[in-house]
There are 2 protein chains.
Amino acid sequence: MMKAGYMPNAGATLKRIAKKSGLSCSTVSRALANHPDVNTKTRQMVKEVANSLGYRPNWAAKSLVRGKSNLVAFIVPGWDMWSTAMYETARETLHQASFMPVFYPTNSHTEWEIELIDFVLTQRPGGIVWLPSAESDIPKLAEVIGASKVPLIVLDRLATGCPGTFVCTDDRRGIATGVAHVVADGRRRVALIAGKHEHQTFQWRQEGFRQAVADAGIPEGDATIVEIAGYRLAEFEPYFNAYEAGKRLLSQSARPTAILGSTDEHAWGALDAARDLGISVPHDLRIIGYGDYIPRAITRVSLSTIVQDRNAIVHQSIHELLDQMNGEYKAENRMIVIPTRLEIRDT
Amino acid sequence: MMKAGYMPNAGATLKRIAKKSGLSCSTVSRALANHPDVNTKTRQMVKEVANSLGYRPNWAAKSLVRGKSNLVAFIVPGWDMWSTAMYETARETLHQASFMPVFYPTNSHTEWEIELIDFVLTQRPGGIVWLPSAESDIPKLAEVIGASKVPLIVLDRLATGCPGTFVCTDDRRGIATGVAHVVADGRRRVALIAGKHEHQTFQWRQEGFRQAVADAGIPEGDATIVEIAGYRLAEFEPYFNAYEAGKRLLSQSARPTAILGSTDEHAWGALDAARDLGISVPHDLRIIGYGDYIPRAITRVSLSTIVQDRNAIVHQSIHELLDQMNGEYKAENRMIVIPTRLEIRDT
DNA sequence: CTGTTAGCGCGTTCAG
DNA sequence: CTGAACGCGCTAACAG
C-alpha cells in the first residue's frame, strides 16, 4: 500500500502490465529487459503497453532482488570544482558499464561525512569513489567502508588500513618541479603555504618542498613553510587564511621572491595579498599553485600551477573500480600515482 | 543470493540479528525503529547485536515496502555554484524532516537530463527540486515528472503545464533596478547581453530591460540587446560568448557606458572584454550582473550584480516542498516570486 | 518461447 | 510486549 501523498507512476507495475497484456510477470520482465528468448512481437507489444501505462521500473525492487544496486557513489567535496568535473568525466564510462554515477557532496564537516557514508552504504552501491574532505576522520570511515566490502577508490589521500585502491598524484615530485622552476628563474627566497592537516598527501608536498630547496642549495633561513588552518572550501577558508599568511610573509624585510601553495586556493590567497601590498607578480614575486581546479574563465589572472591531470586520475580510478567490481581483485592497498605537470601562466 | 564480488555488510540482516538474539524479525525491526512498545532491555540488546554484526538497514527493502523512498532529489546544473550552495542550505531542514537530499548534477545536455530524471523517478523520491538546465526540454520533462505525481519545485524557470510550484526571482524588476541605477549614474547608452534561450525567465529579464530604458527616456538607438548563444556552464560558454559580444559592443564608435548581463557570466565576459580593450571600469563603463553566484574570493574583482537571494529561495522551496509532501496541497502552478537586491561593488 | 514459483529485506497487520 | 504471516515489485530458477 502506498502511504499517502502520491502514487508513483500511477502505480504502473509489472503485474499490471502483465494483466493488461494477458501475459505473465516474468515474460513482461524479460521483454523489458531485452532478454533474448522472448518473441519479438511479444516484446514489442509489452513495450507498448508499458509505455501507455507510463511504466517506470522500481529501482528499489530491482536492487533488492539483485542484492546490490547499480549505483557508483561519488563522495566528494561539493564545492570543489575538481570533483564535479571528475564526476562529469566518469559518467560516460560508468554509464556504458550500466552503472549509475551519483554525486554525494560533502562539506568538510566530519559528522556529515559520516552520516553520508552511512547512508550511501545503506543503498548498497556497486562501488564508491571517495575524496575525503580535509577534516574527515579517514581511519574511522575507511574502516566502515572496508567492513562493507564495497569496491572503493580513494582519491588524493592515503588511508592506511583501508582496503581500497588509492589514486594520488606525485605530490613530492610535483612540488619539487615548482621549486626547481622558480629557482631556475633566479628566486632564492621561497615559501610554501601549506595546509595544516595531517593527510599524507599534504605531508608529501611539504617533504617535496624541503627536499627541493635543499637540492637547490637554498639556506634554511630562506626557505619558509607556513602552515595554515582552515578547511571549509565552501567558505573559502583556505583562501582567506592563505591571504593573511601571504600578507605576513610579504611584509617581512627579506620577503620571499617566490611562494608556492600546497593547493590552488593557498596560492590564490598569496596572490591577492601581493596585489594588496602593491607587489608586482610575476616580476617581484612568483606564485605557483597546486591542483589546477580554479576556473580560469572568471579569475582574470591565470594562476601558474602544478596541474593534477584530472582525466588521467578519473580514467584510472574508474578503470580500477570497474575491475574491482568485476571481481578482478588485484592486491590490498594498491596505489596508483599519476604524474603532475607544471604549467606556467601569468604568475 | 548475493551475486558476486562482495557481500554487503557481510549480509547482516534483520533475520540474522533475530536469530542471534533469539527474537523474531518483527521485534528486531521494531526495536531498531525505536518503536515505543518494545521492552527497553530488549531494544538495548537488539541494538548491541545489530552493532556487533555491523548491521546497516537495506535502503532498497525499506523503500520497497514503503512504496516510496526518503530521497529528495536535487536535479540541478552541476557546475553552477548556485546549486551546490542551495543543496547545502537545504540539507539541514530536510534532514530534520528525515529526508535525504541527493544531488543529481546536470550538464546542459538535454539527453542526459532526460536520462537522469528518468532514473530519479525510478528511485521513487519523496520530492524533487529541479533547476532546469538552459538547454533542457522543459515541457517534455515537466510532463514526465508531472505524470509521476512526485512533489516538485521548479527553480528559476517557468514550465507551463507542469504541476509543481515555481520559485523565481523578480526578473523584470531586478533588471530594471540595475538599469535605473546606471542611468542615475549618468550612463545613457546601455546594453544588455542576454542569453538566447527562450525560457520565460530570460525573456522577463529582456522585458524588464526594455521597460526600464523606456521609462528612463533613453532613445531606442542607445539601448541595445545582444542575444548570444552558448549554454554549457562547464565549458564557460556563456562567459566566452559574452566576451566576444562585449568586444563587439565596446568597439563601436558610440559604445555603451553601461552593460548589464542577464547572468553573472555574461557580465563577467563583458568585464574582461573591457579590460582587454583598455576601458576603465567603472569609470568609463559600468557593468552589472545578475545572480551573484560567482565566488568573489577568487575573482580579484567584485562584480556588481543583482543578487538572487539564495537563502530565501531555498527556504521557500523546501518549505513548499515539505508542505506538498505532507499532502497539504495548495493549488496548481503556484508561483513564488522572491525579490532581488542590487548590490554595487567594484564594477 | 512462456508460465509458475520462490524469495530478496523489510514493515505491518493480526493474534496472542 | 512479542511472534507469525503476508506482501511491496521484481528477477531467476525451473518446468513445460
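Letters A, B, ... mirror the listed sequences (proteins, then strands); counts begin at 1. Not measured: the values here are computed from a predicted model.
- A cation-pi contact links A/R91 to B/W112, judged by a cut-off of 6.0 Å to the six-membered ring centre and 45° from its axis.
- Taking side-chain N and O atoms only, A/K62 has a distance below 4.0 Å to OP1 or OP2 of D/dT11.
- With sequence neighbours left out, B/E115 forms a side-chain hydrogen bond (donor to acceptor under 3.5 Å, both in side chains) with A/H95.
- When side chains are defined from C-beta on, A/M86 counts as touching A/L155, because their heavy atoms get closer than 4.5 Å.
- The CZ atom of B/R66 sits 16 Å away from the C1' atom of D/dG7 (whole-angstrom rounding).
- Under the ring-ring contact (aromatic ring centres under 6.0 Å, His included) rule, A/F74 has a single partner from A/W130, A/Y87, A/F103, which is A/Y87.
- The side chain of A/S26 sits closest to C/dT4 out of D/dG7, C/dT4, D/dC10.
- Taking 4.5 Å as the limit, every side-chain heavy atom of A/Q44 sits out of range of all side-chain heavy atoms of A/T40.
- Per the geometry, CG belonging to A/L32 stands 15 Å off P belonging to D/dG9, to the nearest Å.
- The nucleotide whose nearest atom lies closest to any side-chain atom of A/N39 is, among D/dG9, C/dC1, C/dC10, C/dC1.
- The bend of the helix from C/dC1-D/dG16 to C/dG16-D/dC1, defined by the angle between the axes of its first five and last five pairs, stands at 40° to the nearest 10°.
- Atoms NZ (B/K19) and C1' (D/dG3) sit 16 Å apart, rounded to a whole Å.
- Across all strands, A/D37 comes closer than 4.0 Å to base atoms (heavy-atom distances).
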Passes side chain to side chain donor-acceptor pair (under 3.5 Å), A/N34 versus A/K47? Steps please. CA-CA 10 Å; A/N34 290 320; A/K47 288 198 170 170; 2.8 Å; yes
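- Nearest-nucleotide positions on DNA chain D place B/V28 closer to the 5' end than the other of A/A60 and B/V28.
- Looking at heavy-atom distances under 4.0 Å, A/T13 makes contact with sugar-phosphate atoms alone, never a base.
- Straight-line distance from the NE2 atom of B/H35 to the P atom of C/dC14: 14 Å, rounded to whole Å.
- Judged by atom type and distance alone, B/R30 reaches the base of D/dG3 through a side-chain donor-acceptor pair under 3.5 Å.
- Separating the OG atom in A/S29 from the CD1 atom in A/I17 is a distance of 10.0 Å, to the nearest 0.5 Å.
- To the nearest angstrom, P of D/dG7 lies 18 Å from CG of A/N58.
- Here B/L14 lies in heavy-atom contact (under 4.0 Å) with sugar-phosphate atoms only.
- Residues A/M45 and A/V49 form a side-chain contact, since some pair of their non-hydrogen atoms from C-beta on lies under 4.5 Å apart.
- Nucleic acid contact class of A/T42 (heavy atoms, under 4.0 Å, all strands): sugar-phosphate only.
- Taking atom CE on B/M45 and atom P on D/dC1, their separation rounds to 15 Å, with Å as the unit.
- Between the side chain of A/S29 and the base of D/dA12 there is no donor-acceptor pair of N/O atoms closer than 3.5 Å.
- Residue A/S24 places at least one side-chain N or O under 4.0 Å from the OP1 or OP2 atom of C/dG3.
- Whole-Å rounding puts the A/R43 CZ to C/dC1 C1' distance at 11 Å.
- Note: CZ (B/R124) to C1' (D/dC10) measures 11 Å, nearest angstrom.
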